[in-house]
Amino acid sequence: MGDHLIAVENTDRVHNMVVCTLCSCYPWEVLGLPPVWYKSAPYRSRAVKDPRGVLTDFGVALPKDTEIRVWDSTAETRFLVLPMRPAGAEGWSEERLASLVTRDSMIGTGLPRRPQDDVA
Amino acid sequence: MNGVHDMGGMDGFGKVEPEANEPVFHSAWEARVMAMNRALGATGEWNIDMSRFSLESLRPDVYLASSYYRKWFLGLERRLLERDLIAEDEIASGHALRAGKPLKRKFTTADIGRVLTRGSYGRPATAPARFKPGDRVRARNINPTTHTRLPRYVRGHTGIVERVQGCHVFPDTAAIGKGEHPQWLYTVCFDARELWGDDADPTVTVSVEAFEPYLESA
């Protein structure tokens, strides 16, 4: 693995989102090859100027006062979002929590699944 | 270079359209292009910054109209042509027309693990870091016609150094064969209103990874 993989933590105050405006830098050792949308002009152009609008495209609406922190991967550092533990998952084991984590929630364009989505 | 690849802040590209259950590759040729890039990258004929520069150097209309792997393919073709490893008539005919030029290194299956591992670009520091976390810095207004990793949308704007990421290969020189010249790398955080004006969302901040030569004290 290349060096400098940095995890950035989502909290109830801050939501992190990762982009590469110049090309397609992505933590693919961990997440696999990036999806087409991550490498596309709409995402690369808008993520740094209108991140809330981009989140809307993903069906994600954050509270108006949540800070949004966008990380543009312009060097060989790579970023991975640590999603926030959803309500109802208090006391869950690491393995059970992992079942709620999605790829998009680690890019910051999605939220983890909720415990009530996990009943199946 | 101020190319169309430098997309941060551009308007008019429309909505982001995620694809449900997206396959890793949409056609077999995409996987082949990926493999060709890895295998030829392993020959040491170019570095990652030269690869990026070759994609940025595609004609703007070609860059915008080509899919991701099509751009990879065209960039690879360009790098091979530039180094006389292939010729135009060979591309046209679809096969080799003369004895191949020796490569710096030859890719074998023993290299697979190595080429699928991202390279390491951290280097020992040759001078102390000029900035520290909390420093106010301005992204310099530079407009090189060659490769740079300082996006246009931050140039001339003031931000705060948030992290010092160590010393790394400097893409601006590595991309044009002028050596690694390792430089300190910083995470610099900008308020959206500084970048996009007073109407911007006050809850948004954007950071870039900026090499020391991109920055000046503010």
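Computed from heavy atoms alone, side chains included, the values below leave out hydrogens, waters and symmetry copies. In the text below, chain A, chain B and the rest are named by the order of the sequence lines, each starting its count at 1. Quantities reported herein were computed from a predicted structural model and do not represent experimental measurements.
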- [ ] Taking B:Glu22 for its side chain and A:Val36 for its backbone only, find out whether a donor-acceptor pair lies under 3.5 Å.
- [x] yes

Task: Contacting region of A:Thr109 [heavy-atom separation from chain B under 4.5 Å] - done: neither

TODO: Taking the side chain as every heavy atom from C-beta outward, state whether A:Leu22 and B:Asp6 have any pair of such atoms under 4.5 Å apart.
DONE: yes

- [ ] Could you look at A:Pro35 and say if it's the side chain, the backbone, both or neither that has a heavy atom under 4.5 Å from chain B?
- [x] both

Task: Pairwise distance NZ(B:Lys15) to OH(A:Tyr43) - rounded to 0.5 angstrom - done: 16.0 Å

Open item on the list: I'd like to verify something: which residue of B:Arg163, B:Glu56, B:Lys71 has the highest number of heavy-atom pairs under 4.5 Å with chain A?
Closed with: B:Arg163

- [ ] For the pair A:Thr74 (side chain) and B:Glu209 (backbone), establish whether a donor and an acceptor sit closer than 3.5 Å, ignoring hydrogens and angles.
- [x] yes

- [ ] Check B:Val206, B:Val204, B:Val208 against A:Val48 for a side chain to side chain contact (heavy atoms under 4.5 Å, CB included) and give me the one that passes.
- [x] B:Val206

Task: Residue part contacting chain A, namely of B:Pro171, when any heavy atom lies under 4.5 Å - done: neither

Task: Contact class of B:Leu185 relative to chain A, heavy atoms under 4.5 angstrom - done: side chain

Open item on the list: To the nearest 0.5 Å, what is the distance between NE2 on A:His4 and OH on B:Tyr121?
Closed with: 13.0 Å

Task: Option that, when pairs with chain A are counted at under 4.5 Å, heavy atom only, ranks first among B:Glu17, B:His26, B:Met34, B:Arg52 - done: B:Arg52

Open item on the list: I need the residue from A:Lys64, A:Met17, A:Arg46 with the largest number of non-hydrogen atom pairs under 4.5 Å to chain B.
Closed with: A:Arg46

Task: Heavy-atom contact with chain A under 4.5 Å, split by part of B:Phe211 - done: side chain

Task: Min side-chain heavy-atom separation A:Cys23-B:Leu55 under 4.5 Å - done: no

TODO: Check whether more than 12 heavy atoms from other residues, nucleotides or ligands sit under 6.0 Å from atom CG of B:Asp198, and answer yes or no.
DONE: no

- [ ] Name the option with the most non-hydrogen atom pairs under 4.5 Å to chain B; the candidates are A:Pro51, A:Gly53, A:Pro42.
- [x] A:Pro42

Open item on the list: Counting only non-hydrogen atoms closer than 4.5 Å, does A:Thr56 touch chain B with its backbone (N, CA, C, O), its side chain (CB onward), both, or neither?
Closed with: neither

TODO: Pick one of side chain, backbone, both or neither for B:Phe170, based on which atoms fall under 4.5 Å of a heavy atom in chain A.
DONE: neither

TODO: Answer with side chain, backbone, both or neither: which region of A:Leu33 has an atom nearer than 4.5 Å to a non-hydrogen atom of chain B?
DONE: side chain

Open item on the list: Counting heavy-atom pairs under 4.5 Å with chain B, which one of A:Pro34, A:Ser24, A:Ser73 comes out on top?
Closed with: A:Ser24

Task: Within-4.5 Å side-chain heavy-atom neighbours: A:Lys49 and B:Met10 - done: no

Open item on the list: Under a 3.5 Å threshold, yes or no: a donor from one side chain and an acceptor from the other, between B:Thr203 and A:Arg52?
Closed with: yes

Open item on the list: Using 0.5 Å steps for rounding, measure from the CZ atom of B:Arg149 to the CD atom of A:Glu76.
Closed with: 7.0 Å

- [ ] Inspect the surroundings of CD in B:Glu19 and state if more than 12 heavy atoms from other residues, nucleotides or ligands are less than 6.0 Å away.
- [x] yes

- [ ] To the nearest 0.5 angstrom, please state how far the CG atom of A:Asp50 sits from the CH2 atom of B:Trp196.
- [x] 10.5 Å

Open item on the list: Please determine whether side chain to side chain contact (heavy atoms under 4.5 Å, CB included) holds for the pair A:Arg69 and B:Glu162, giving the CA-CA distance in whole Å, both sets of side-chain angles, and the decisive distance to 0.1 Å.
Closed with: CA-CA 12 Å; A:Arg69 170 62 192 277; B:Glu162 192 174 277; 2.9 Å; yes

Open item on the list: How long is the straight-line distance from CD of B:Gln165 back to CD1 of A:Ile6, given to the nearest 0.5 Å?
Closed with: 4.0 Å

- [ ] Please state whether the side chain, the backbone, both or neither of B:Leu64 comes within less than 4.5 Å of a heavy atom of chain A.
- [x] neither

Task: Interatomic distance, A:Asp72 atom CG to B:Thr187 atom OG1 [nearest 0.5 angstrom] - done: 11.0 Å

